[in-house]
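Any value given below was found using the heavy atoms of this structure, including those in side chains, with hydrogens, waters and symmetry copies removed. Everything numeric here is computed off the predicted structure, so don't read it as measured data.
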Amino acid sequence: MLSIYYLFAICSNEKLLKVFEKPVAGNIIYMVSSLTLEIYLVQYAVFTDALNGIFPLNIPIVYLMIFAVAYVLKCLSNLFSLVFAGEDINIKSVCRI
């Protein structure tokens, strides 16, 4: 229980909160945090040992594949949400994170 409080204290630090104000780091953190559910859902389907022959490069390749599939899943879920809500469908609302 103490570790949860300690993690909260670290994340509430002023220096760490300023990271979100920076354009690159803040956008990356926001993108990963908004795709967390989709990443969790698709990661086991994307994990493969077919790329073990190129070991150092397979880790970023698999990460990029997971993020790409998670983004497609997020777009599809936005599309289904718009269809079932009866709203107008435009590409910006479908592809927003």
Side-chain angles (χ1 to χ4, degrees):
M1 193 64 155
L2 186 62
S3 63
I4 294 172
Y5 176 74
Y6 185 68
L7 183 64
F8 175 75
I10 290 173
C11 292
S12 297
N13 189 358
E14 289 294 326
K15 291 180 182 177
L16 192 62
L17 291 176
K18 289 183 181 180
V19 171
F20 291 108
E21 296 173 3
K22 297 184 180 183
V24 175
N27 288 338
I28 291 173
I29 292 171
Y30 178 75
M31 184 184 76
V32 170
S33 66
S34 66
L35 290 176
T36 303
L37 174 64
E38 288 82 6
I39 290 171
Y40 174 75
L41 291 173
V42 302
Q43 67 182 343
Y44 293 111
V46 176
F47 280 156
T48 180
D49 58 353
L51 299 174
N52 284 348
I54 55 170
F55 167 64
L57 296 176
N58 69 340
I59 296 171
I61 290 171
V62 170
Y63 279 153
L64 290 174
M65 286 176 16
I66 289 171
F67 281 115
V69 173
Y71 181 71
V72 168
L73 180 62
K74 179 77 167 182
C75 292
L76 288 174
S77 66
N78 286 343
L79 177 67
F80 291 148
S81 176
L82 289 173
V83 167
F84 290 127
E87 297 178 11
D88 292 334
I89 299 172
N90 58 5
I91 195 73
K92 285 186 179 182
S93 62
V94 170
C95 293
R96 75 177 159 79
I97 291 182

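Note that OH of Tyr71 is 15.0 Å distant from CG of Leu64, once rounded to the nearest 0.5 Å. Distance check: Ile66 CD1 to Leu41 CG gives 12.0 Å after rounding to the nearest 0.5 Å.
For Asn90, the CG atom is densely surrounded, since the number of other residues' heavy atoms within 6.0 Å is greater than 12.
Side-chain contact between Ile54 and Ile61: present, with at least one pair of heavy atoms (C-beta onward) separated by less than 4.5 Å.
Val94 meets the side chain to side chain contact (heavy atoms under 4.5 Å, CB included) test with Cys75, Leu79, Leu82, Ile89; sequence neighbours excluded.
Ring pair Tyr44/Tyr40 is perpendicular by interplanar angle, where above 60° counts as perpendicular and below 30° as parallel.
In terms of heavy-atom proximity, Glu38 sits nearest to Ser77 at OE2-OG, 4.3 Å. For the pair Ser33 and Thr36, the tightest heavy-atom approach, listed with the atom from each and the gap, is O-OG1, 3.0 Å.
Taken together through direct or relayed side-chain contacts under 4.5 Å among Ile, Leu, Val, Met, Phe, Trp and Tyr, Ile91 and Leu76 form parts of separate hydrophobic clusters.
A side-chain contact (heavy atoms from CB on, under 4.5 Å) with Val42 holds for exactly one of Leu35, Leu37, Val72, Val69; it is Val69.
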